[in-house]
Undergrad: 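Dropping a structure here in structure tokens format, bear with me for questions.
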Amino acid sequence: MKILVVGSGGREHALVWRLAKGGHEVLAAPGNPGMEAIARCVPVKVMDLDGQVKLAVEEGVDLVVVGPEAPLCAGIADKLRAAGVPTFGPGVDGARLEGSKAFSKQLFARHGIRTAAFRVCKTVAEADAAIEELAARAVPAGTGVVVKADGLAAGKGVVVADDAAEARAAARAMLDGRFGEAGATLVIEQRISGREVSLMALTDGERVEVLAAAEDHKTLLDGDRGPNTGGMGTVSPTWVDDAILARVRAEVLTPTVAGLAAEGIDYRGVLYAGLMIDGDGMPWLLEYNCRFGDPETQPVMARLEGDLGAVLLGAATGKLEVGALSWDPRAAVCVVVAAAGYPEAPRSGDVIGGLEAAAGADGEDVVVFHAGTARKGEAIVSAGGRVLGVTALGEDVEAARARAYATVGRIELEGMQVRGDIGMRPSTRAR
Ligand code: GLY
């Protein structure tokens with residue numbers, strides 16, 4: 001097949017890499033320098049929806065795979081389908097699962113999917129009343145409320161407050177416009193305790209294929225300290241066992257797909273569920289993203305066996321073949337190399353050295369996925385907060401970690417920030 005991947009980050013590089021390895025001809029728009037050896041990169045911007053449709057039609061692609069959420073929420077999949085192009089990614093209606101937290105929580109409630117108690121608020125008075133009510137239910141009383149901006153806020157619109165005062169301050173800041181329109185409506189919800197996990201699944205609107213689990217490390221610094229980021233590294237597999245997977249499939253993913261269908265939403269794409277598993281092994285659905293996770297996709301693609309292109313085309317055309325994918329039993333670890341100043345003010349334009357040595361270091365078992373890079377003359381320079389995702393396979397997590405960090409050690413980027421403990425959580429290591 002000829003497949004167009006929309007996007008330019010590490011997630012898209014991992015998708016392009018897996019699709020190209022499967023023998024497909026791959027185009028990426030706009031793509032990044034890391035993809036150039038395996039795909040044809042075309043300089044069409046992610047949010048140039050008409051430009052992307054024109055490219056897909058002119059090239060006669062068999063399938064478009066959309067990476068980021070912003071074009072999905074803006075309607076790229078609807079436009080592509082209207083032009084007759086099979087597209088992996090939900091339309092505007094389904095993308096509201098990520099684009100509107102109020103919509104998604106209300107959908108969970110309508111379809112009996114276990115989720116934290118919540119209120120949708122549009123004013124300070126409503127928010128204060130909701131915080132008081134939900135904080136009183138928490139154990140111990142008065143703690144534990146989560147304040148979420150309804151719309152897309154670049155991953156920053158969620159405050160897990162330790163007490164009601166912090167929650168009230170967060171609600172005021174959001175309603176006062178910290179995230180613009182995205183914060184004009186809030187979801188205030190009870191804080192759930194347990195272990196957080198994310199799981200990605202593919203769906204054609206009817207069937208569900210759950211992908212291998214991957215665990216993110218969201219904060220900047222070792223030991224889960226420091227500011228939140230888009231994700232500083234991932235490991236797959238995780239502590240999530242088959243029993244939990246079966247419950248998530250039966251109690252969360254399947255009812256979601258059925259609920260979407262019952263409401264007339266034909267959802268074809270990724271359901272990326274953020275979950276809390278409580279002490280009884282019961283899954284609580286926190287939220288959905290409507291696309292692949294980044295950097296979760298990197299280790300998952302490293303472990304994926306089977307024809308991803310055929311499976312994504314099946315999902316895009318309502319004929320998802322469940323069970324066609326399998327997983328390398330080895331572990332994969334992705335270590336993110338971030339720019340100086342990330343996440344507040346990432347510095348761009350620094351020359352990245354050692355890429356060739358890194359790429360050739362360990363054969364097929366190590367891949368350096370580019371996330372925020374650009375060409376400047378002969379050089380590759382940093383062009384984003386997360387610059388690279390060094391992804392390695394190993395017989396176990398420890399071996400994968402050793403390979404990934406050995407390769408990171410070959411990369412030169414002034415001021416680069418790397419967590420040293422990806423895949424080292426006691427729960428991960430125990431597996
Ligand atoms: N790694 C978090 C995300 O993709 O949203």
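Heavy-atom basis, side chains included; hydrogens, waters and symmetry copies ignored. Whatever order the structure lists ligands and atoms in, that order sets their numbers, starting from 1.
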Undergrad: Between Asp278 and Arg195, does any side-chain N to carboxylate O distance fall below 4.0 Å?
TA: no

Undergrad: For ligand 1, what is the set of protein residues having any non-hydrogen atom at a distance below 4.0 Å?
TA: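 Lining ligand 1: Asp216, Lys218, Gly230, Tyr272, Asn289, Arg291, Gly293, Asp294, Pro295, Glu296.
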
Undergrad: Check this for me, if you would: do Arg247 and Asp242 make a salt bridge, where the nitrogen-to-carboxylate-oxygen distance has to be below 4.0 angstrom?
TA: no

Undergrad: Within the distance-only criterion (no hydrogens, no angle test), does the side chain of Gln52 pair as donor or acceptor with the backbone N or O of Asp50 below 3.5 angstrom?
TA: no

Undergrad: Please say which of Val248, Ile192, Leu286 ends up in a side chain to side chain contact (heavy atoms under 4.5 Å, CB included) with Leu275.
TA: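 Looking at Val248, Ile192, Leu286, the match for Leu275 under the side chain to side chain contact (heavy atoms under 4.5 Å, CB included) is Val248.
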
Undergrad: Can you tell whether the side chains of Glu287 and Lys148 come within less than 4.0 Å, N to carboxylate O?
TA: yes

Undergrad: Applying ring pair (Phe, Tyr, Trp, His ring centres under 6.0 Å), which residue pairs with at least one partner in residues 292-326 are found, sequence neighbours left out?
TA: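 Listed once each, the pairs are Phe88-Phe292.
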
